[in-house]
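First up is the structure itself, then whatever we jot down about it.
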Amino acid sequence: MAYNKVAFPPACLSTGMRKDGARQPALHVVFLKGTLFFPCEPDRGLVRVHELTPEKAGQLIWVRARIHTSRAKGKQCFLVLRQQQFNVQALVAVGERASKQMVKFAANINKESIVDVEAVVKKVEQTIESCSQQDVELHIERVGLSSALSDHTTDKQTDRHAHGGRTDGRATVNQDTRLDNRVIDLRTTTSQAIFRLQSRVCQLFRDTLTNKGFVEIQTPKIISAASEGGANVFTVSYFKTSAYLAQSPQLYKQMCICADFDKVFCVGPVFRAEDSNTHRHLTEFVGLDIELAFNYHYHEVIESITDTMVQIFKGLRDKFQTEIQTVGKQYPSEPFKFLEPTLRLEYSEGVAMLREAGVEMGDEEDLSTPNEKLLGRLVKEKYDTDFYVLDKYPLAVRPFYTMPDPNDKKYSNSYDMFMRGEEILSGAQRIHDAQLLTERAMHHNIDLEKIKSYIDSFRYGAPPHGGGGIGLERVCMLYLGLHNVRQTSMFPRDPKRLTP
Ligand code: ATP
């Protein structure tokens with residue numbers, strides 16, 4: 001590729017003199033497809049922003065970062081340089097090391113441009129509250145553009161996003177604008193922290209279950225019959241016929257248990273054609289699914305799942321404080337609390353607590369979202385935990401494959417798990433007898449022909465088993481105390497949004 005090399009006016013970059021008084025080599029910039037490219041000296045040894053601590057005071061270092069903010073004042077210009085969820089204050093001041101033109105040049109660089117700066121690390125007397133690197137600042141000696149902001153991106157647009165949705169004047173940006181410009185919004189320190197934490201949740205889920213002897217499986221997402229029954233399924237055209245997008249990996253993970261895999265999990269997309277425009281519903285989300293055979297009682301399944309969740313909470317609490325605090329700066333919330341062992345209440349106990357608080361509801365009625373939240377608050381007050389299990393749901397409100405409670409047919413061996421009073425998991429012991437499964441499917445008006453291979457799997461003998469499905473975005477939203485699941489979905493899909 002032919003670059004159009006031009007000499008950069010040295011005055012814009014530095015005084016042109018090294019500390020030892022020798023003239024420094026001429027610097028060049030390259031115009032590459034309209035952006036300024038500042039060639040990296042191969043031995044430059046770039047330092048990461050989070051490594052800028054008082055131990056580095058006095059060192060001359062190079063940093064490559066985005067311009068987060070810039071404020072010129074007289075003969076100096078204050079910059080905040082940002083790299084993912086970390087930022088540091090930097091100063092260019094007219095003096096021995098910087099010319100007037102260089103200060104002007106620095107002040108005129110568009111925010112969000114990527115710059116290379118050479119600077120001395122200085123310890124500061126007063127903590128810089130607004131930056132992640134609070135004890136040091138950079139005194140810039142050279143600055144060059146590595147990638148300039150393209151001309152048609154307005155400064156205002158990037159300003160509002162990259163500042164966590166706030167300009168210096170603390171204006172807020174509405175969620176749709178942010179999601180329409182998601183790439184810029186994802187650059188904010190808050191988004192960076194959210195999605196690093198989300199990645200860790202998946203890793204902890206995988207590591208914990210793998211250590212427990214689970215096998216990760218992949219299940220098809222294009223299926224011939226709605227896995228959960230019901231209408232909330234997307235139909236797709238499939239050559240000369242039609243197919244559906246899986247509402248969960250439910251039937252397949254159970255078939256893997258019938259195939260003697262014993263303990264399985266999967267992480268993958270789940271599709272719901274629900275016109276639910278709420279803070280916690282997406283039409284595509286990431287399902288963290290678990291299914292396992294048990295020996296004596298389905299509570300073994302509950303324990304296995306709650307222990308996995310506790311390992312995730314501990315992993316985040318112990319290793320992800322930087323991310324948690326970064327998000328907390330923009331969205332303050334109480335630290336997430338959990339008990340060991342996890343609190344397990346029966347559905348009827350939950351209903352009794354709600355009734356005591358004045359709620360009128362029937363024994364077999366499902367929990368509405370407001371009642372779910374109220375119960376979460378009551379549980380927090382009484383037991384001081386943000387995570388609990390509600391066991392033994394009424395059979396009538398659960399899917400066809402749920403095992404009825406052998407002692408009381410009104411109820412079932414099924415459970416939900418809650419974080420900060422909102423559902424994050426639904427699970428149950430599953431029916432492992434083909435005859436009973438057939439009866440229950442018929443009771444739910446499910447076309448048996450469509451789930452024949454699923455039901456047949458149980459005819460060859462299946463161990464007692466159970467499991468659950470968790471929504472990744474909900475776990476991250478509720479762990480961090482956020483209020484909208486779109487904040488924890490990188491490119492959210494909801495009834496009104498299919499782009500970007
Ligand atoms: P809700 O009652 O909140 O609509 P659900 O009972 O339909 O949830 P399940 O089908 O049991 O949920 O799914 C298991 C888990 O998957 C839920 O606990 C939740 O964490 C997640 N989940 C379900 N539906 C959605 C959705 N539309 N968007 C995001 N996550 C979801």
Side-chain angles (χ1 to χ4, degrees), residues 198 201-202 205 219 221 226-234 244-251 253-254 265-291 301-302 305-306 308-309 312 347 350 365-373 375-376 386-391 393-402 412-430 444 466-480 482-498:
Q198 185 173 88
V201 170
C202 290
F205 182 76
T219 60
K221 308 304 170 216
S227 40
E228 311 269 335
N232 60 350
V233 60
F234 285 111
Y244 304 104
L245 295 181
Q247 295 155 299
S248 80
Q250 184 60 36
L251 308 190
K253 53 181 188 163
Q254 282 190 262
F265 73 92
C266 55
V267 178
V270 169
F271 304 92
R272 300 281 167 98
E274 279 169 296
D275 197 6
S276 302
N277 296 283
T278 75
H279 75 285
R280 66 185 208 183
H281 287 96
L282 297 166
T283 47
E284 176 180 345
F285 64 94
V286 177
L288 306 174
D289 270 85
I290 303 179
E291 203 69 27
V301 177
I302 295 188
I305 301 176
T306 52
T308 303
M309 293 310 297
I312 293 174
Y347 193 82
E365 201 178 313
D366 206 356
L367 278 184
S368 64
T369 304
N371 284 347
E372 196 178 293
K373 286 187 178 172
L375 185 58
D386 289 309
F387 179 57
Y388 76 100
V389 183
L390 205 54
D391 189 17
Y393 267 67
L395 182 62
V397 302
R398 307 300 277 199
F400 76 95
Y401 45 75
T402 308
S412 62
N413 288 357
S414 71
Y415 39 84
D416 275 7
M417 296 186 190
F418 299 87
M419 288 172 64
R420 297 195 205 258
E422 295 196 55
E423 181 200 317
I424 55 117
L425 170 141
S426 260
Q429 176 181 350
R430 326 294 188 182
H444 280 256
I470 303 166
L472 172 66
E473 294 83 356
R474 282 209 197 160
V475 170
C476 298
M477 166 179 84
L478 295 162
Y479 183 84
L480 290 167
L482 299 174
H483 299 290
N484 197 306
V485 76
R486 289 160 191 79
Q487 289 172 292
T488 53
S489 172
M490 221 172 224
F491 297 102
R493 295 288 175 260
D494 66 28
K496 297 196 170 65
R497 179 172 291 280
L498 259 179

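Reckoned from all heavy atoms, side chains included, excluding hydrogens, waters and symmetry mates. For ligands, and for the atoms within them, numbers begin at 1 and follow the listed sequence.
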(Q) Nearest 0.5 Å, please: how far is NE2 in H279 from CZ in R486? (A) 9.5 Å

Q: Identify the heavy atoms of M419 and I424 that sit nearest to each other, and give their distance.
A: SD-CG2, 3.8 Å

Q) Does any N/O atom on I424 come nearer than 3.5 Å to any N/O atom on ligand 1? A) yes

**Q.** V201 to L472 - nearest heavy-atom pair and separation
**A.** CG1-CD1, 3.7 Å

Q: State if R272 counts as touching ligand 1 under the rule of any non-hydrogen atom under 4.0 Å.
A: yes

**Q.** Nearest non-hydrogen partners of S489 and L282, listed with the distance
**A.** CB-CD1, 4.0 Å

Q: Identify the two heavy atoms, one from L367 and one from F418, that lie closest to each other, and give their separation to 0.1 Å.
A: CD1-CZ, 4.3 Å

Q) Which residue from E423, E473, R398 reaches closest to atom 12 (O) of ligand 1 through any of its heavy atoms? A) E423

Q: Have a look at ligand 1 and work out which part of E274, if any, has a heavy atom under 4.0 Å from it: side chain, backbone, both or neither.
A: side chain

**Q.** Heavy-atom gap L425 to ligand 1 smaller than 4.0 Å
**A.** yes

(Q) On a heavy-atom basis, which atom in I290 and which in K253 lie closest, and how many Å separate them? (A) O-NZ, 3.1 Å

Q. Is R280 in contact with ligand 1, taking contact as a heavy-atom separation below 4.0 Å?
A. yes

Q: Answer yes or no: does an N/O atom from F285 fall short of 3.5 Å to an N/O atom of ligand 1?
A: no

Q.
Could you tell me, atom by atom, which parts of ligand 1 come under 4.0 Å of a heavy atom of L282?
A. 26 (C), 27 (N), 28 (N), 29 (C)

**Q.** Part of H281 with heavy atoms under 4.0 Å of ligand 1, whether side chain, backbone, both or neither
**A.** both

Q: Provide the closest heavy-atom pair for S426 versus R398 in the form atom of the first, atom of the second, distance.
A: OG-NH2, 3.9 Å

Q. Mind checking whether I470 has an N or O less than 3.5 Å away from an N or O of ligand 1?
A. no

